[in-house]
Enquirer: 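So that we are looking at the same thing, I have put the structure below in structure tokens.
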Amino acid sequence: MSCAVLLDGNAKPKSMSRAKQWTDEVENLYRFQQAGYRDETEYRQIKQTEIDRWPETGFVKKLQRRDNTFYYYNRKRECEDKEVHKVKVYAY
């Protein structure tokens, strides 16, 4: 993802694919999608706030949903292998 995409307030994905195997990136995408967002880019566009992360793993710690309730995540992996294929990976 380029810096220009992060600065563009209306960044739209050009394509979407499904995750094939678990990675740190897939874990964070899973967390954003559980909270109702495509990815970190969309979350930042809508909420315009910093994202709380676990210092040990870098995984997302807390996200605010669109209805202003919060999702809190563990510091360890939450996206099980059977859920990996449901995660959407967007390309900008």
Enquirer: Salt-bridged, Lys61 to Asp52, with N to O below 4.0 Å?
Expert: no
Enquirer: Are Trp54 and Lys76 packed together at the side-chain level, in the sense that at least one heavy-atom pair is separated by less than 4.5 angstrom?
Expert: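 Not touching, per the 4.5 Å side-chain cut-off.
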Enquirer: Flag the pair Tyr43 / Gln64 as yes when at least one side-chain heavy-atom distance between them is below 4.5 Å, and no otherwise.
Expert: yes
Enquirer: Would you indicate whether the side-chain heavy atoms of Lys47 and Asn68 approach each other to under 4.5 Å?
Expert: yes
Enquirer: So, Arg66 and Glu42, do they make that salt bridge, N to O below 4.0 Å?
Expert: yes
Enquirer: Please determine whether the number of non-hydrogen atoms from other residues, nucleotides or ligands lying under 6.0 Å from atom CD of Glu56 exceeds 12.
Expert: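 Check passes, neighbour count above 12.
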Enquirer: Decide yes or no for Glu40 and Asn28: does some side-chain heavy atom of the first lie under 4.5 Å from some side-chain heavy atom of the second?
Expert: no
Enquirer: Does any part of the side chain of Phe32, heavy atoms only, come nearer than 4.5 Å to the side chain of Ile51, both counted from C-beta?
Expert: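 Yes - at least one pair of side-chain heavy atoms lies under 4.5 Å apart.
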Enquirer: Counting only N and O atoms by type, is there a donor-acceptor contact under 3.5 Å from the side chain of Asp81 to the main-chain atoms of Val84?
Expert: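 No.
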Enquirer: Taking ring-ring contact (aromatic ring centres under 6.0 Å, His included) as the cut-off, I'd like each qualifying pair that reaches into residues 65-85, sequence neighbours left out, listed once.
Expert: none
Enquirer: Applying ring pair (Phe, Tyr, Trp, His ring centres under 6.0 Å), name anything that partners Tyr90, two or more places apart in sequence or on another chain.
Expert: none
Enquirer: Does Met16 share a hydrophobic cluster with Tyr92, counting links as ILVMFWY side-chain heavy atoms below 4.5 Å and allowing steps through other members?
Expert: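 Cluster IDs for Met16 and Tyr92 match.
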Enquirer: Keeping Arg53 on the side-chain end and Phe59 on the backbone end, is there a donor-acceptor pair under 3.5 Å?
Expert: no
Enquirer: Glu27 side chain to Cys79 main-chain N or O, any donor-acceptor pair under 3.5 Å?
Expert: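 Yes, the answer is positive, given that a donor and an acceptor are paired below the 3.5 Å cut-off.
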Enquirer: How many angstroms lie between atom CD of Gln33 and atom CG of Asp39, to the nearest 0.5 angstrom?
Expert: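 Those atoms lie 7.5 Å apart.
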Enquirer: Under a 4.5 Å cut-off applied to non-hydrogen side-chain atoms, are Glu50 and Arg44 in contact?
Expert: yes
Enquirer: Could you tell me the separation between the CZ atom of Arg77 and the CH2 atom of Trp22, rounded to the nearest 0.5 Å?
Expert: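 Between atom CZ of Arg77 and atom CH2 of Trp22 there are 5.5 Å.
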Enquirer: State the CD-CD distance between Glu78 and Glu80, to the nearest 0.5 angstrom.
Expert: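 Here the interatomic distance stands at 9.5 Å.
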Enquirer: With the side chain counted from C-beta on, respond yes when Leu63 and Gln34 share a heavy-atom pair under 4.5 Å apart, and no when they do not.
Expert: no
